[in-house]
Amino acid sequence: MHKGTVTVVGAGTMGNGIAEVFAVGGYSVKLFDVNEEAREHGIHAILLRLQKQFERGKLDAKPQEIMCRIQGISTLAQSEGSALVVEAALERLDVKQDIFRSLDNIHSPTTILATNTSSMSVTEIASVTSHPERVIGMHFFNPAPRMPLVEIVRSRMSSDDAISTAMGLANDVGKVPIQVRDTPGFIVNRVARPFYNEALRLVGDRVATVEQVDRIMRSAGFKMGPFELQDMIGLDINFAATRSTYESFFGEPRFRPHPIQRTMVNSGMLGRKTGRGYYRYDE
Amino acid sequence: MTSNILLLGDGKTANDLATWLQSKGDYVTQYRVNHPVDLNTYPRFDVVLDVHFDVNRKMTAWASVRNCVPADAMVFTSCTAACVTQVAALMDRNLLVAGFHPWAIETLDVMELARPLQEENDDRWGRLVQFFAQRGKHVEVVDDAPGLVFPRILSLLVNEASFALSEGVATARDIDSAMVLGTNYPKGPFTWADEIGVDEILAVLASLHSELGEDRYRPSLYLKKLVYAGRTGKSAGRGFYEYQQERVVKTVVRGDNSLTTGDDGM
């Protein structure tokens with residue numbers, strides 16, 4: 001049975017993860033990236049993950065069957081005919097607005113245009129289109145194939161139809177979609193801020209050490225403490241999220257970043273990916 | 001290592017702590033301000049644990065039991081909404097005092113203890129650490145600030161979730177699910193708050209707000225309204241969510257070395 005086509009714009013970590021989700025879910029997927037190398041790399045990354053899952057017996061279909069449904073495309077015009085386009089490009093407003101202007105011209109008003117932004121206003125992205133009612137947010141979490149949540153973001157102009165179609169599509173590929181209003185950080189990135197910010201404050205005020213805070217929070221049931229989790233996410237990514245929430249709320253003190261975090265980012269100790277963050281990983 | 005313990009406070013937090021201590025072999029006498037008993041008929045107390053989060057309630061309870069507490073007793077006082085330095089000063093006796101928090105006593109394998117400024121160089125402090133270490137807790141000694149580490153971080157998570165809820169960002173259930181599914185939190189913030197007590201969460205925030213004087217700790221109005229309305233969580237039958245009223249089991253066993261627990265009210 002043909003389930004229709006989904007286009008994913010951007011073949012980076014989020015983009016290729018989202019492409020995998022829809023391909024495994026039975027959709028034909030077009031994966032766009034301006035950069036050919038990035039596109040090939042993204043498709044290859046999907047193949048590697050599928051093969052690993054297949055070997056572990058966690059995949060019903062053969063990896064090749066799923067890969068047959070994924071096609072790399074080099075122009076946005078080739079995305080015509082898709083039921084849904086999910087944009088997962090750089091987190092830069094001008095880049096996203098350019099993409100949505102093009103998509104708006106290419107696609108009939110029935111195609112849902114979704115952005116995977118985690119830190120920008122969906123309303124602001126939608127504002128450059130002539131059919132903003134079909135523009136929504138579909139915020140997947142990293143790693144997209146494994147994390148069940150998708151925040152379905154309703155902009156000021158989104159239609160009920162667009163929201164319910166997106167909810168249905170997310171459900172269909174085994175995700176748990178949750179509706180959220182277009183507000184800074186949506187739910188998760190906003191509500192999670194104190195987990196990092198207050199932990200930094202406690203350490204900054206010498207109430208407890210980095211190791212103590214992590215041990216205490218793990219004991220409370222969190223899989224990782226706030227510092228080891230920052231190390232995993234990348235301190236630069238985490239700092240950017242905090243900063244963007246703070247700025248989007250016009251300097252609300254609850255979101256104020258801690259200087260420790262900036263010092264760490266400036267030092268280049270960004271976490272696991274650099275071998276060192278709050279902890280060392282290079283030994 | 002069995003101790004004769006005087007437990008001050010009532011409600012779920014106190015009852016859970018009493019149950020846990022008994023499971024470790026301690027004798028527990030629970031003293032509730034609203035139902036005073038004559039403590040002079042009890043054997044000598046080695047340890048006092050006060051779970052009241054409100055400083056005034058602490059002092060009311062302390063005023064009625066202080067004469068029954070020997071000079072060499074150890075005192076653990078809840079620091080979810082106070083500095084132990086302040087509490088130790090108000091107790092006005094040269095006792096060995098530590099701040100702790102009684103949240104989720106049965107599930108947490110870490111016990112946070114805070115040292116008051118007055119005991120900075122007190123070499124008896126090891127005894128306080130020993131008490132919980134002997135009962136299987138890994139003790140983390142942290143500096144003295146309201147809410148210590150876990151209550152402070154959790155209360156701020158609940159506060160932010162509560163702001164988001166009152167701003168209509170999403171429903172309570174959706175906010176809870178999002179935090180569990182999107183970030184692997186063990187529980188959603190509202191579910192967690194209802195289990196611990198919305199009043200306890202609010203107390204942490206209010207205390208940080210007044211002690212540190214920063215807008216960052218300003219409690220959401222919705223949290224306050226829940227507490228005004230008596231919707232303090234699961235044990236009250238309603239908090240962020242509504243619960244089927246479970247029958248509160250009353251065990252009132254009086255006599256020496258026995259547990260005395262009463263109703264679940266505050």
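Note on naming: letters A, B, ... go to the chains in the order of the sequence lines (proteins, then strands), and numbering restarts at 1 for each one. Fair warning: this is a prediction, and the values are worked out from it, not measured in the lab.
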**Fill in**
Under 4.5 Å to a heavy atom of chain B? For A/V176 that would be side chain
**Per-residue contact mode, A/R256 against chain B (heavy atom under 4.5 angstrom)** = both
**Asked** Is the backbone N or O of B/D109 less than 3.5 Å from a side-chain atom of A/S219, with the two atoms forming a donor-acceptor pair by type?
**Response** yes
**Message:** Can you tell me which portion of B/A104 sits under 4.5 Å from chain A's heavy atoms? Options are side chain, backbone, both or neither.
**Reply:** neither
**Message:** Is A/R206 in contact with chain B via its backbone, its side chain, both, or neither, using a 4.5 Å heavy-atom distance?
**Reply:** backbone
**Prompt:** Within a radius of less than 6.0 Å around CZ of B/R127, do more than 12 heavy atoms belonging to other residues, nucleotides or ligands occur?
**Reply:** yes
**Item:** Heavy-atom check, side chain of A/I178 versus side chain of B/S177, under 4.5 Å
**Value:** yes
**Message:** Within a 6.0 Å radius of atom NZ on B/K224, are there more than 12 heavy atoms belonging to other residues, nucleotides or ligands?
**Reply:** no
**Item:** Winner by heavy-atom pair count (cut-off under 4.5 Å) against chain B, out of A/T183, A/V180, A/L229, A/I216
**Value:** A/I216
**Request:** Evaluate the ring planes of A/F222 and B/Y185, with Trp represented by its six-membered ring, and classify them as parallel (under 30°), tilted (30 to 60°) or perpendicular (over 60°).
**Result:** perpendicular
**Item:** Side-chain heavy atoms of B/V169 within contact of A/I187, under 4.5 Å
**Value:** yes
**Message:** Quick check on the interface: out of A/V150, A/D182, A/L202, who has the most heavy-atom pairs with chain B under 4.5 Å?
**Reply:** A/L202
**Message:** Under 4.5 Å from any heavy atom of chain B, what part of A/R193 do you find: side chain, backbone, both or neither?
**Reply:** neither
**Prompt:** With side chains defined as the heavy atoms from C-beta onward, is the minimum distance between B/R216 and A/E252 less than 4.5 Å?
**Reply:** no
**Prompt:** For the candidates A/Q179, A/R154, A/R201, A/M224, which exhibits the highest count of non-hydrogen atom pairs separated by less than 4.5 Å from chain B?
**Reply:** A/R201
**A/F186, part contacting chain B, at a heavy-atom distance under 4.5 Å** = backbone
**Prompt:** Is it the backbone or the side chain of A/N142 that comes under 4.5 Å from a heavy atom of chain B, or both, or neither?
**Reply:** neither
**Request:** Please assess B/E214 against A/R254 for the test salt bridge (charged side-chain N to carboxylate O under 4.0 Å, His left out), listing each intermediate value before the final yes or no.
**Result:** CA-CA 9 Å; B/E214 292 171 57; A/R254 297 199 307 278; over 6 Å; no
**Prompt:** Is there side-chain contact between A/V188 and B/M179, with at least one heavy-atom pair below 4.5 Å?
**Reply:** yes
**Asked** How about A/R146: does its CZ atom have over 12 heavy atoms from other parts shown lying under 6.0 Å from it?
**Response** no
**Request:** Evaluate the side-chain proximity of B/V142 to A/Q212: yes if any heavy-atom separation is below 4.5 Å, no if none is.
**Result:** yes
**Prompt:** Between A/G221, A/A208, A/A199, A/G185, which shows the greatest number of heavy-atom pairs under 4.5 Å with chain B?
**Reply:** A/G221
**Prompt:** Hey, which of A/M147, A/R190, A/M217 has the most heavy atom pairs under 4.5 Å with chain B?
**Reply:** A/R190
**Request:** State whether the side chain of A/R215 and the backbone N or O of B/H138 hold a donor-acceptor pair below 3.5 Å, judged by distance alone.
**Result:** no
